[in-house]
Amino acid sequence: MEKLRIEGGKKLSGRIRISGAKNTVLPILAASLLAESPVSIHRVPQLQDVSTMMKLLATMGVGVVIESANGIAVDATTISEPFAPYELVKTMRASILVLGPLLARTGEAKVSLPGGCAIGARPVNLHVDGMRALGAEVKVEEGYIYAKAKQLIGAHILLDSITVTGTQNLMMAATLAKGKTTLENAAREPEVVDLANFLNAMGAKVSGAGSSIIEIEGVPSLHGVDEYKVIADRIESGTYLIAAAITGGEIELLDTDPKLLEAVLLKLEEAGAKIITGDSSIYLSMEGRRAQAVSFTTAPHPAFPTDMQAQFMAFNSIADGVAIVSETIFENRFMHVPELIRMGADLQIDGHTVIVKGVDKLTGAKVMATDLRASAGLVLAALAAEGETIIDRIYHIDRGYETIEEKLMQLGADIERQP
Ligand code: EPU
């Protein structure tokens, strides 16, 4: 399995461009199943998860063409098999996002239940219950969701808890339902808003995305879109800001959007970073200061994102002081903690909380990546550590960070991939 070797201790500095958001591209690719003419999506990051979604669409008979390095055209007029097999779904949970569009567009869907996941149980009951509320007949049997509906009917759906892909799935299904759907307690993440904008560009009538009540007025059909440009990846942005902060360097991110990561920028400022934002840029410098440890609790947007928890844990590990980090979204998202401890961090897990006592330095070690964001946390720790770190199972990182070695090298990191 591929590994990353990082020789730590180099101050990172420079400018990099931020890629399109993984967690927006995936639902947008799924939403293109709804269109009766081709869609063209721009600023698509080259990631393993994007390839998996493209493969999934292709197995359904959909035409998927790579138009340029970061452009994909999808033609769903040829869809023949509304089926998402276990073999693909098990490699990417976001495959569940095809459930709503398939059901709305073809009247049926057979989608494998995603299996277990490294960060928590992650059930999809709210997706299934929501489809039922929209009038679909849904059976869950032999590891598959079988859903059928000649015509979905708009409904008032109060989501029991906040779910990002659940909100997206129901929003997509409701675009072609008869009448109005209201989603209450909807996720407010920027990736929900971008999907709503994409659906509206296809002719849908979605309003309220970004608030906790989303209304969708069903329309008879949706059409293709020319050149839809995906928003910046806020988690990639936050990760590179920490890469500079944790090494005491400075960075300018281009093609990003500071409005998408307010909670993260506030915490970085609290840690002592100087931050200057432009319309589409973010500059960060530690100005020679040691970071202060910062406490936080993960929660749905606009609060602090769970997808930045591991990276901040690494950052806190060598900061001055003590921080309390609480994870409220996923029940098992501390897999990076034992690995950071192997690098010399002083971390104590107590249920959903970790007490971080900042140490003066981390030292390189052999560590194991367990999921995407945990891998990012380990990369950041390795950049700051004294000596060499080898991170095994680095394939996780390729699911969500476009050309990570190149970008880090551009900033002055000593990093190489090993077979
Ligand atoms: N939940 C349920 N039932 C459901 C759906 C969710 O109980 O039917 C629970 C989950 O188990 C979890 C909580 O609700 O405890 C929130 O999960 P959510 O559904 O919001 O997560 P998701 O939609 O599966 C997306 C991102 C994740 C990100 C979370 C939270 C995508 C493709 N994935 O997952 O991204 O952590 O929202 O913000 O958008 C990542 O990029 O590394 C990643 C894991």
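All figures in this text were calculated on a predicted structure; none of them were measured in a lab. Just follow the structure's listing: the first ligand is 1, and inside any ligand the first atom is 1.
Residue pairs that meet the ring-ring contact (aromatic ring centres under 6.0 Å, His included) test with at least one member in residues 25-50, sequence neighbours left out, do not exist here. Residue pairs meeting the ring-ring contact (aromatic ring centres under 6.0 Å, His included) criterion with at least one partner in residues 193-218, sequence neighbours excluded, are Phe198-Tyr228.
When the shell of 6.0 Å around CG of Leu266 is examined, it contains more than 12 heavy atoms from other residues, nucleotides or ligands.
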Only distances under 3.5 Å count here; give the side-chain donor-acceptor pairs of residues 299-309 to other protein atoms, sequence neighbours excluded, each with its distance to 0.1 Å.
unit_1, atom_1, unit_2, atom_2, d
Thr306, OG1, Glu327, OE1, 3.0
Thr306, OG1, Glu327, OE2, 3.0
Thr306, OG1, Arg333, NH1, 2.8
Asp307, OD1, Arg333, NH1, 2.7
Asp307, OD1, Arg333, NH2, 3.1
Gln309, OE1, His336, NE2, 2.8
Gln309, NE2, Glu327, OE1, 3.0
Gln309, NE2, Arg333, O, 3.0

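Remark: side-chain polar atoms of Asp226 are not paired, donor with acceptor, to backbone N or O of Val39 under 3.5 angstrom.
Put simply, the residue from Ile28, Val25, Thr24 that forms a side chain to side chain contact (heavy atoms under 4.5 Å, CB included) with Val44 is Val25.
For ligand 1, the protein residues within 4.0 angstrom (heavy atoms only) are Lys22, Asn23, Ala94, Arg122, Pro123, Val124, Asn125, Leu126, His127, Ile162, Thr163, Val164, Thr165, Thr306, Asp307, Ile329, Phe330, Arg333, Leu372, Arg373.
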